[in-house]
Amino acid sequence: MPLAREVVEAIAIDNGVCIRPVALRRMDITTGTSQIIDVPCGSTLDAKCPPCAKRNRKLRMAQCREGWHLAAEPVTTPDEPTEYQRHLVEWRAEAQALRDTAQSAGDPTDDYDQAIMELDAEINAAGVRGNVVGLVGTKRSRSTRRRQDAPNLPKRMMTATTLGRTYSGADGRSYRPSMFITLTLDTYGRVNAGAPVDPGSYDYVRAARDAIHFGKLIDRFVQNLRRVAGYDVQYFASVEMQKRLAPHLHMAMRGTLPRADIRALAAATYHQVWWPSCDVVRFEGNHLPVWDEQAGYLDPATGEVLLTWAQALDELDPDAQPFHVVRFGPQIDAQGILAGTPDADQAIRYVSKYLTKTLGQAADTQAARDHAARLLDALRYEPCTPTCPNWLRYGVQPKNAKPGMIPGRCRGKAHRAEHLGYGGRRVLVSRKWSNKTLTEHKADRRTWVLEALGLDAEPADAGRYIWSPVAAGDPDVSPIRVRLLRSIRERLRWRAHMNQLQAAAEGQDLSAVEGRAA
C-alpha cells in the first residue's frame with residue numbers, strides 16, 4: 001500500500017508545488033491583521049525540491065536565451081540613489097567621523113567598528129553595490145611577467161561594445177553569430193568508463209588542487225578572452241563534472257572568434273597560486289596546535305607560536321615557484337551558433353542540463369564512487385582557501401584564525417562529497433549579459449502568469465505589508481501536509497484556468513483560419 005505522505009508529495013511534485021515551503025507571517029499595517037503565507041523554498045537541486053529546481057533551471061534557460069544574441073547594447077546606467085540610500089551613507093559618514101575622533105583620542109573603537117559594519121551591511125541590503133570605502137588594506141602583488149612555458153597572448157585594440165561582429169550573407173541578410181565553448185582540465189592518468197585504469201598512479205593531488213582552483217582559472221580565461229577579442233565579451237556559463245569527476249566549463253559567448261584563437265587562448269591561460277608550501281606535515285593525529293587567546297595557535301610541545309597567514313606569505317621567496325599552477329587540458333570544443341536555430345536551443349538545454357543535480361552525482365557507478373572516495377580522501381587535508389583549518393596541519397595559522405579549528409574538518413564547499421573540490425558558483429553570468437538581473441527575469445515570468453490568469457501583477461499598496469519569519473512550533477502554522485494540499489488545490493485551479501484560456505485562444509485562431517478560407 002502506498003504511504004499517504006509520499007502520495008501527497010508525489011502529487012505536489014507533479015503539479016509544480018514546492019514540497020518544502022517556508023512559512024512567513026505577513027502583517028497588514030493598514031488593517032492590523034496578519035496571515036501565514038507559504039513561500040517556495042527556491043531550491044536548485046532535485047534532491048531537495050524538484051519543482052523549485054525545475055523552475056530555477058527554466059529561469060536560467062530564459063536568462064541564457066535572452067542574452068545570447070542581443071542586437072543592441074545593454075543599458076548599464078545605474079539608478080539614482082534613493083533618499084533612504086543617501087541617508088544611510090550620511091549616517092555612515094557620521095559613524096566614521098566618530099570612530100576617527102575616538103581613535104585619535106586613544107579611546108576604544110570596538111563599538112564604532114560594530115556600528116560601521118552593520119551600516120555597511122544595511123547599505124548593501126538597500127540596493128547599493130560595493131563598499132563605500134573601497135578596498136581596505138594592502139594588496140600583495142607578484143610579477144606579471146608571463147611564464148616561459150606559456151605561449152604569448154594575441155591582443156586586439158579594445159572597442160567599447162559588448163556585441164559581436166555582424167556578417168552579411170549572399171542573400172543580403174545580416175547575421176550576428178555567437179559561440180558555444182567547452183573547456184576541460186588536463187589528464188591525471190588513464191581512465192576507462194570514468195574511473196582510473198590504475199588508481200595507484202592516478203595523480204589525485206593535482207586533480208584535487210586543479211578542482212579547488214578551477215574557478216580562478218575561469219576568471220583568468222575570461223580576462224584573456226576579452227583582451228584577445230578586443231571587446232567586452234559577455235557570457236553565460238555553467239560548471240559540470242565530467243565522467244572522470246574533473247570539472248569542466250560550458251560557456252555561451254556573445255560574438256565569435258576563430259577557433260584557432262580559442263585554442264591558443266586556452267593553451268596560454270593559466271592561474272598561479274602563491275600560497276605557503278604543503279609539502280611537510282607538522283601536526284597530525286593527537287599532536288595538533290592549541291589555541292591561545294593572545295597569540296593564536298601554538299605548537300603543543302614547544303609552545304612556539306605558529307606563523308600567521310601574513311607572515312607565511314612574507315616568507316615566500318620572490319624567486320620561488322608557485323604553490324600550484326592550474327591549466328586547461330587539450331580537449332577544447334568551440335562551435336558557432338546562430339540565433340533562433342535548433343543548435344541554439346540544443347546548446348541552451350545542454351548548458352543547463354545538470355544544474356538541478358550536485359556535482360557529486362556524476363559518480364553513478366561503483367567504480368566511479370570508489371574513484372570519488374579516493375578524490376575526497378586527497379581533498380581532506382588540501383587547503384581550499386586562506387581561511388581553511390587545514391593550514392594548521394602544515395604549521396601555518398589560517399587567515400582570520402579562531403578557536404576550534406581542526407585540520408581535516410573544514411566546512412568549505414570544496415571538501416564536501418557533493419562538490420568534489422569545486423567550491424565556486426555553478427552558474428557564471430557576466431553583468432551585461434541580458435540587461436536584467438535574475439530577480440528581474442523571475443518577475444517577468446511572474447507577470448506573464450498573472451496577466452494570463454487575469455490577476456493584478458502587484459498589490460494596490462506594496463508598502464502596506466511587513467514580512468517576518470515564523471518561529472518553529474507556531475500554532476498558527478498548519479501541518480506541512482495540510483499546507484501542501486491547499487497549494488495543490490490552488491495550483492489545480494490555476495491550471496484549469498490556464499487550460500480554458502488556451503482552449504479559447506485556439507478556438508479564436510481556428511475561427512480566423514476558417515473565416516479566411518471562406
Distance col, row Glu66:CD vs Leu70:CG, nearest 0.5 angstrom, shows 8.5 Å
Residues 214-227 vs salt bridge (Lys or Arg N to Asp or Glu O under 4.0 Å), sequence neighbours excluded, gives Arg226-Asp232
Evaluate Gln114 against Glu118 for side chain to side chain donor-acceptor pair (under 3.5 Å), listing each step before the verdict. CA-CA 6 Å; Gln114 181 65 27; Glu118 293 175 358; 3.1 Å; yes
Exercise. Is the backbone of Asp120 close enough, under 3.5 Å, to the side chain of Asn131 for a donor and an acceptor to pair up by distance?
Worked result: no
message = Side chains of Glu122 and Asn124: any donor to acceptor distance under 3.5 Å?
response = no
*Please tell me if the side chains of Leu257 and Met253 come closer than 4.5 Å, counting only heavy atoms from C-beta onward.*
yes
* So does Tyr350 have more than 12 non-hydrogen atoms from other groups sitting under 6.0 Å from OH? -> no
Polar side chain donor-acceptor pair, Gln346 to Arg349, under 3.5 angstrom: no
TODO: Flag the pair Trp274 / His324 as yes when their ring centroid distance falls below 6.0 Å, and as no otherwise.
DONE: no
Polar side-chain atom of Ser352 near backbone of Ile348 as donor-acceptor pair, under 3.5 Å: yes
- Task: Give a yes or no on whether the backbone of Glu6 and the side-chain of Glu9 come within a donor-acceptor separation of less than 3.5 Å.
- Result: no
Check: Going through the distances and angles, do Leu59 and Lys442 end up as a side chain to side chain contact (heavy atoms under 4.5 Å, CB included)?
Finding: CA-CA 7 Å; Leu59 186 65; Lys442 189 180 298 184; 3.9 Å; yes
Hey, are Tyr204 and His371 close enough side-chain-wise for a donor-acceptor pair under 3.5 Å? yes
Residues passing the ring-ring contact (aromatic ring centres under 6.0 Å, His included) test with Tyr297, sequence neighbours excluded, are Trp291
Residues passing the ring-ring contact (aromatic ring centres under 6.0 Å, His included) test with Tyr112, sequence neighbours excluded, are none
CZ of Arg416 to SG of Cys410, rounded to nearest 0.5 Å, is 9.0 Å
By side-chain contact (heavy atoms from CB on, under 4.5 Å), Arg369 pairs with (sequence neighbours left out) Ala363, Gln366
**OP:** Decide side chain to side chain donor-acceptor pair (under 3.5 Å) for Asp333 and Gln331; before the verdict, give the C-alpha distance in whole Å, the side-chain angles of both, and the deciding distance to 0.1 Å.
**Re:** CA-CA 7 Å; Asp333 184 62; Gln331 293 184 347; over 6 Å; no
### Task
May I ask you to check whether over 12 heavy atoms, not counting those of Glu418, lie within 6.0 Å of atom CD?
yes
Passes side chain to side chain donor-acceptor pair (under 3.5 Å), Arg99 versus Gln96? Steps please. CA-CA 5 Å; Arg99 185 199 182 282; Gln96 185 68 47; over 6 Å; no
Checklist entry - With a 4.5 Å limit on heavy-atom distance, are the side chains of Val191 and Val197 in contact? => result no
Residue pairs passing the salt bridge (Lys or Arg N to Asp or Glu O under 4.0 Å) test with at least one member in residues 196-207, sequence neighbours excluded, are Asp186-Arg206, Asp203-Arg206
d(Leu245 CG, Tyr188 OH) to nearest 0.5 Å is 11.5 Å
Is the shortest heavy-atom distance from the side chain of Pro50 to the side chain of Ile19 under 4.5 Å? yes
Distance-only side-chain donor-acceptor flag, Glu73 / Thr161, under 3.5 Å: yes
The residue among Arg190, Arg244, Arg374 that forms side chain to side chain contact (heavy atoms under 4.5 Å, CB included) with Pro196 is Arg374
Phe328 meets the ring-ring contact (aromatic ring centres under 6.0 Å, His included) criterion, sequence neighbours left out, with Phe221
- Task: Answer yes or no: is there a side-chain heavy-atom contact under 4.5 Å between Gln234 and Val429?
- Result: no
CG of Asn56 to OG of Ser43, rounded to nearest 0.5 Å, is 7.5 Å
Here the gap from Ser434 atom OG to Arg65 atom CZ, rounded to the nearest 0.5 Å, amounts to 12.5 Å
dist Asn192:CG -> Lys243:NZ (nearest 0.5 Å) comes out at 9.0 Å
> Do Val326 and Leu185 have side-chain heavy atoms sitting under 4.5 Å apart?
Replying inline: yes
By side-chain contact (heavy atoms from CB on, under 4.5 Å), Pro21 pairs with (sequence neighbours left out) Cys18, Asp38, Ile480, Arg483, Leu484
Quiz prompt | Residue pair Pro389 / Pro407, side-chain heavy-atom distance below 4.5 Å | solution = no
Sorted by chain and residue number, the side chain to side chain donor-acceptor pair (under 3.5 Å) partners of Arg393 (sequence neighbours excluded) come out as none
N-O pairing of Arg426 and Glu240 below 4.0 Å:
yes
By side chain to side chain donor-acceptor pair (under 3.5 Å), Arg156 pairs with (sequence neighbours left out) Asp261
By side-chain contact (heavy atoms from CB on, under 4.5 Å), Ala301 pairs with (sequence neighbours left out) His287, Asp299
Residues at least two apart in sequence or cross-chain that pass salt bridge (Lys or Arg N to Asp or Glu O under 4.0 Å) with Arg327, listed by chain then number, are Asp149
Worksheet item: Hey, are Asp279 and Ser277 close enough side-chain-wise for a donor-acceptor pair under 3.5 Å?
Response: yes
Checklist entry - Any sub-3.5 Å donor-acceptor pair from Ser430's side-chain atoms to Tyr235's backbone N or O? => result yes
Within a radius of less than 6.0 Å around OH of Tyr354, do more than 12 heavy atoms belonging to other residues, nucleotides or ligands occur?
no
(Q) Taking atom CZ as the centre, does Arg409 end up with more than 12 heavy-atom neighbours from other residues, nucleotides or ligands that are less than 6.0 angstrom away? (A) no
(message) Between His250 and Thr182, is there a side-chain donor-acceptor contact under 3.5 Å, judged purely by atom types and distance?
(response) yes
Show your reasoning for whether side chain to side chain donor-acceptor pair (under 3.5 Å) applies to Thr162 and Arg254.
CA-CA 8 Å; Thr162 66; Arg254 190 185 303 156; 3.3 Å; yes
Any side-chain heavy atom of Thr358 within less than 4.5 Å of one from His419? no
ring-ring contact (aromatic ring centres under 6.0 Å, His included) filter on His69, not counting sequence neighbours, yields none
Within a strict 4.5 Å, meaning less than it, do heavy atoms of the Thr184 and Ile332 side chains meet? no
Please evaluate residues Cys278 and Trp391 with respect to the criterion side chain to side chain contact (heavy atoms under 4.5 Å, CB included), reporting the C-alpha separation (whole Å), side-chain torsions for both, the decisive distance (0.1 Å), and the verdict. CA-CA 8 Å; Cys278 294; Trp391 286 112; 3.6 Å; yes
- Task: Determine yes or no for a side-chain-to-main-chain donor-acceptor pair under 3.5 angstrom, with Trp68 supplying the side chain and Ala252 the backbone.
- Result: no
task: Using distance alone, with no hydrogens and no angle criterion, decide if Thr356 and Asp46 have a side-chain donor and acceptor under 3.5 Å apart.
output: yes
